[in-house]
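Here's the structure we're looking at; comments come further down.
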Amino acid sequence: MTDILSTSPTKDLLTKLSGLDNGAGNPRVKQIVQRVVSDMFETIEDFDVTPAEFWAAMSYLTELGQRGEYGLVAAGLGVEHFLDLRFDEKERQAGLAGGTPRTIEGPLYLADAPLSQAEARLDDGSEQGEVLFMEGQVRDTDGCPVPGAIVDVWHANTLGGYSFFDPNQKPWNLRRRIEADGEGRYRFRSILPAGYGCPPDGPTQKLLDQLGRHGQRPAHVHFFVSAPGYRQLTTQINIAGDKFLHDDFAFATRDELIPAIRRQEGAADPKAAGLNAPYSEITFDFTLNREVADLPGTVVVREHAKAA
Ligand code: MBD
Ligand code: FE
């Protein structure tokens with residue numbers, strides 16, 4: 001049987017379609033297009049993919065774009081986590097250690113959230129969620145505080161929805177940037193988030209169904225922590241006890257990112273004055289690595305939604 005992939009018509013086709021036979025264009029794009037299309041040809045050949053299956057895949061990609069779910073499927077297929085593993089490995093090779101572990105940004109960040117000094121209240125009071133007080137210190141790997149570090153925090157509401165993407169929430173609900181104080185300390189009051197679930201009627205969930213997988217994330221809070229001279233940290237903390245804590249469809253849970261959660265029954269602490277229901281407290285310190293020449297930066301350039 002002829003191996004159609006190694007025949008000259010196929011090889012010539014790959015060279016031409018990727019522009020490798022001309023001097024114009026972008027050499028890196030050409031090489032990558034050649035590889036990706038060649039791998040696709042191989043997949044079609046190896047699995048004897050039918051034209052109907054191929055066009056179903058094209059329609060699927062169209063739907064992903066129309067529904068704005070490319071970021072979601074990238075998380076669900078573990079690609080975003082794989083990029084984290086690559087960052088981790090490069091840092092390990094460069095001898096960096098001791099920083100708070102990174103984990104994925106996810107698709108629901110909104111740039112330029114309101115900026116507060118040292119403390120903030122994240123929720124707008126519209127939901128009767130369990131109150132969460134979270135605080136901590138930003139330090140470097142020598143244990144020295146990082147004054148003025150920016151803690152950019154965002155999380156879901158009690159229904160697992162994120163403001164801006166969820167039309168039922170007011171602008172900037174559960175999103176703030178907090179400038180840490182002179183000792184690198186930050187604190188905020190919010191409400192405990194619920195876990196996130198992929199839109200059940202969307203293309204990401206459709207694919208997950210075919211894989212026999214769910215589309216759930218454990219409850220979590222996202223952070224970008226940054227300061228001049230330091231590598232920006234992209235991370236999350238998980239809410240301990242969540243059913244999906246170690247079964248995250250986006251593969252973002254890391255053992256060091258599950259802080260103890262202290263449930264307080266009364267309103268003994270003055271900061272909880274006026275609260276007549278149980279509330280939760282989390283203390284979590286962030287450790288930043290110093291900027292290093294010759295290592296790719298950790299600020300991931302990607303398109304972000306911008307509030308109007
Ligand atoms: C989220 O909240 C999230 O963090 C990720 C990674 C994917 C979908 C929703
Ligand atoms: Fe999230």
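FYI, the numbering just counts along the sequence from 1. Both ligands and their constituent atoms are indexed starting at 1 by order of listing.
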Subject >> With Trp154, the ring-ring contact (aromatic ring centres under 6.0 Å, His included) member among Phe223, Phe165, Phe224, Phe164 >> reply: Phe224
Original post:
Near Gly106, which atoms of ligand 1 are under 4.0 Å from a heavy atom of that residue?
Top reply: 6 (C)
Subject >> Which residue and heavy atom of the protein sit nearest atom 7 (C) of ligand 1, plus the separation >> reply: Pro107 CD, 3.4 Å
Original post:
Are Ala252 and ligand 1 in contact, using a heavy-atom cut-off of under 4.0 Å?
Top reply: no
Original post:
Is a side-chain donor-acceptor pair under 3.5 Å present for Glu127 with Thr158?
Top reply: yes
Subject >> N, O or S atom of His155 closer to the Fe ion (ligand 2) than 2.8 Å >> reply: no
Original post:
Would you call Asp247-Arg217 a salt bridge at under 4.0 Å N-O?
Top reply: no
**OP:** State, without any angle test, whether Thr141 and Arg290 hold a side-chain donor-acceptor pair at a distance under 3.5 Å.
**Re:** no
Original post:
Which ligand 1 atoms are under 4.0 Å away from a heavy-atom of Tyr162?
Top reply: 2 (O)
**OP:** Enumerate the atoms of ligand 1 whose separation from the nearest heavy atom of Leu108 is less than 4.0 angstrom.
**Re:** 1 (C), 2 (O), 9 (C)
Subject >> Contact check: His220 vs ligand 1, nitrogen or oxygen atoms, below 3.5 angstrom >> reply: yes
Original post:
Where does Arg217 meet ligand 1, judged by heavy-atom distances below 4.0 Å: at the side chain, the backbone, both, or neither?
Top reply: side chain
Original post:
What's the atom name of the N, O or S in His222 nearest to the Fe ion (ligand 2)?
Top reply: NE2
**OP:** Output the list of atoms in ligand 1 that are nearer than 4.0 Å to some heavy atom of Ile104, sorted by atom number.
**Re:** 6 (C)
Original post:
Cut-off 3.5 Å, side chains only: do Gln205 and Asp201 have a donor facing an acceptor?
Top reply: no
Subject >> Electrostatic pair Arg121-Asp123, nearest N-O below 4.0 angstrom >> reply: yes
Original post:
Heavy atom of His222 under 4.0 Å from ligand 1?
Top reply: yes
**OP:** Give the numbers and elements of all ligand 1 atoms closer than 4.0 Å to a heavy atom of Leu72.
**Re:** 7 (C), 8 (C)
**OP:** Please check if the distance between the ring centroids of Tyr162 and Tyr109 is under 6.0 Å.
**Re:** no
**OP:** Indicate yes or no: does Arg92 engage Glu89 in a salt bridge with an N to O separation below 4.0 Å.
**Re:** yes
**OP:** Assess Gln236: does it contribute an N, O or S atom lying under 2.8 Å from the Fe ion (ligand 2)?
**Re:** no
Subject >> N-O pairing of Arg263 and Glu281 below 4.0 Å >> reply: no
